[in-house]
Each structure stands twice: as C-alpha cells, then as structure tokens.
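This report refers to the structure that appears directly beneath it.
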Amino acid sequence: MRKSSSRVSGHRRIRSSGSRRSRAPGYPISRSLVVTIDGPAGSGKSTVAKLLAKSLGLTYLDTGATYRTLALAALQEDPPVVADAPRLADLARQLPIRLEATPGGQLRVFLGDDEVTKKIRTEQVTEVAAHISQYPEVRAAMVERQRELANTHGVVVEGRDTGSVVFPHATHKFFLDADPAIRARRRQQELFKLYGSQTPLAMIREQIELRDGLDRSREAGPLIKPADAVLIDTTRKTVQGVVQEMLRTIRRHPLP
Ligand code: DC
C-alpha cells in the first residue's frame, strides 16, 4: 500500500537528538522503528520477535499468521479453495483478519468473530499455507494486508520476505537461521505445547525441509537474507541471548 510504504520510508528521516556517545547504551528507542526479522521455520523468529517487540514497546506482526489465517479461510469455503489463485487473492483482499496483543506479548488471531489463534497451527493449515503462499497474486494481496496491519508508529514484523518485500525500507533488519536438526526439535516442542501431540522428529524435519525448499525457490517473495540484514545463527543461542544481541545492534545503529 503506497500510503503505508511511504509512511515507513518516512521513518528513516526521523532524527534523534544528542551525541552518539550519549545515546549508547541508553539510546531512546523510538516508536518509529520498523524492525524486520526473516528466516526459515524453527529459526526462533516468533519467540524472539514477540520479546523484542515487548522490550521496545512496539507492535508485533507475525506475517506467517496472516498466511495461515488465509489458509484456514480457504479451507472453510464450500468447497475449499486451495488451487485457484485469483479466488485466493480475492479472499486475501477481503480477509476479515484481526490481530490482538495480549498484555503478556502473545498474539491473538481472529477471523471475523472467531478466535483462530490455535486453529491456524494445525498440520493441515500449515500445509495449505505453504502451498497458497507460493502464488504471486496471493502474495501481492497479502503484502498489502500486512502493511495495513502494521499501520502503526513502530513495529517488529517477522516472516520470510518482510525485509525484502513488505518493508524494504525498514530501519533495522535481521535474518535468523539455525541448524535443521535444532529447528525440527523446536517445532516439535511447539506442537507439543499447542496440542500435546508427539510428532516424530524425522517427520517434522522432512516437512521443514520441504517447506524450506518451497520458500527459498519461489519466484515471488522468496526466503532470502536481504543484503542489509544482520545474520544471527540461533543454533547455540538462548532466546534471551538473541534478543539482547538484537537490542545491542539496534542501539548501535540509531535512526539516521
Ligand atoms: O512462519 P510460519 O510457519 O507461521 O509461516 C506459515 C507459512 O507462510 C509458511 O509456509 C511460509 C509462509 N510465509 C510466507 O510465505 N511469507 C511470509 N512472510 C511469512 C510466511
């Protein structure tokens, strides 16, 4: 959306006062920050993004949740719409999605009046989201919706193409990665927490690698590390360690 992108690029022009010396480490965190965090499944993006948003007092936007909500809406159509790109793009443009932050920094997702926070994490929705997010026209419609959802004075946004396509002029960009074995274990723990299900590790790893392949090779909005993003390998790092590293980077590079 033109309005949102120019608003976001406008953030780059905001100046902070005081010398560099007096800014660090107490550099006042501006609400105009736009922080993007991209990376493959299980790299730790969501956990870290929520905590970072909370420490910076910014809105948190999970773009994966928006694709998942579209997938759920597509499955709820009668008959389900999963392979008709123009209809999916229409659904995306009209998707009655609403995101709400809890005081604890978690995200609640609504489709119309229905809370779908948990429903969008099932295996079926995961599979359909991976499929429909390949269509360029669906992505174009979703990028518009994501910019609308981030319509705020500061945001931490996570996904696959948030630094490259959704907010190319973000003030700070990160790319998280981790060993596939660790990523699979994290997903397994996440599924256990959500549904109490014990999905075999080998199966999860296979699914993750399949989705990685789709994410990295698609034509529109592929998973890439933008040249200006800071790469963090989270394999042997704690969540708090990663968040602290990001906060240090943000403080070292205040808004121009
Ligand atoms: O991060 P996640 O597993 O919740 O993402 C769900 C799906 O959406 C996943 O298959 C990748 C896709 N996705 C995407 O294509 N672009 C994004 N910015 C975020 C997610």
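Both counts, for ligands and for their atoms, begin at 1 and track the order of listing.
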>> With respect to R160, determine whether any N or O atom, backbone or side chain, lies less than 3.5 Å from an N or O atom of ligand 1.
In response: yes
> Which protein non-hydrogen atom lies closest to atom 12 (C) of ligand 1, naming both residue and atom, and how far is it?
Replying inline: S133 OG, 3.7 Å
> Does the N or O separation between R68 and ligand 1 drop below 3.5 Å for any pair?
Replying inline: yes
> Nearest to atom 3 (O) of ligand 1 by heavy atom, R218, M142, R187, K45: which?
Replying inline: R187
>> Which residue and atom name correspond to the protein heavy atom nearest atom 8 (O) of ligand 1, and how close is it?
In response: Y67 CB, 3.5 Å
> Heavy-atom contacts under 4.0 Å between D38 and ligand 1: side chain, backbone, both, or neither?
Replying inline: neither
> Is a donor on one side and an acceptor on the other found under 3.5 Å between the side chain of K173 and the backbone of I37?
Replying inline: no
> Who's the nearest protein heavy-atom neighbour of atom 18 (N) of ligand 1, and how far?
Replying inline: D161 OD1, 2.8 Å
> Could an N or O of ligand 1 be found under 3.5 Å from any N or O of T63, whether backbone or side chain?
Replying inline: yes
> Could a heavy atom of R121 be found less than 4.0 Å from some atom of ligand 1?
Replying inline: yes
> Do T238 and Q240 have side-chain N/O donor and acceptor atoms under 3.5 Å apart?
Replying inline: no
>> For atom 16 (N) of ligand 1, what's the nearest protein heavy-atom neighbour? Residue, atom name and distance, please.
In response: R139 NH2, 3.0 Å
> Which heavy atom of P222 sits nearest a heavy atom of D161, and at what distance?
Replying inline: O-CB, 4.5 Å
>> Please check if the number of heavy atoms outside Q134 that lie under 6.0 Å from its CD is greater than 12.
In response: yes
> Of all the non-hydrogen atoms in the protein, which one sits nearest to atom 10 (O) of ligand 1, and at what distance?
Replying inline: A130 CA, 3.3 Å
> Testing Q106, K54, E158 for side chain to side chain donor-acceptor pair (under 3.5 Å) with Y60, which one passes?
Replying inline: E158
> What is the closest protein heavy atom to atom 9 (C) of ligand 1, and at what distance does it sit?
Replying inline: R211 NH1, 3.5 Å
>> For atom 20 (C) of ligand 1, what is the closest protein heavy atom, and at what distance to 0.1 Å?
In response: G64 CA, 3.5 Å
> Should R186 and E190 count as an ion pair when the cut-off is N to O under 4.0 Å?
Replying inline: no
> Among all protein non-hydrogen atoms, which one is nearest to atom 7 (C) of ligand 1, and what is the separation to 0.1 Å?
Replying inline: A129 CB, 4.0 Å
>> Under a 4.0 angstrom heavy-atom cut-off, which atoms of ligand 1 come close to G159?
In response: 18 (N), 19 (C)
>> Apply side-chain hydrogen bond (donor to acceptor under 3.5 Å, both in side chains) to residues Q146 and T66 and explain how you reach the verdict.
In response: CA-CA 8 Å; Q146 289 157 6; T66 67; 3.1 Å; yes
> Would you call R98-E100 a salt bridge at under 4.0 Å N-O?
Replying inline: yes
> Just by distance, with hydrogens left out, do D38 and T162 show a side-chain donor and acceptor under 3.5 Å apart?
Replying inline: yes
> So among T122, D62, T126, T63, which one has a side chain to side chain donor-acceptor pair (under 3.5 Å) with R68?
Replying inline: T126
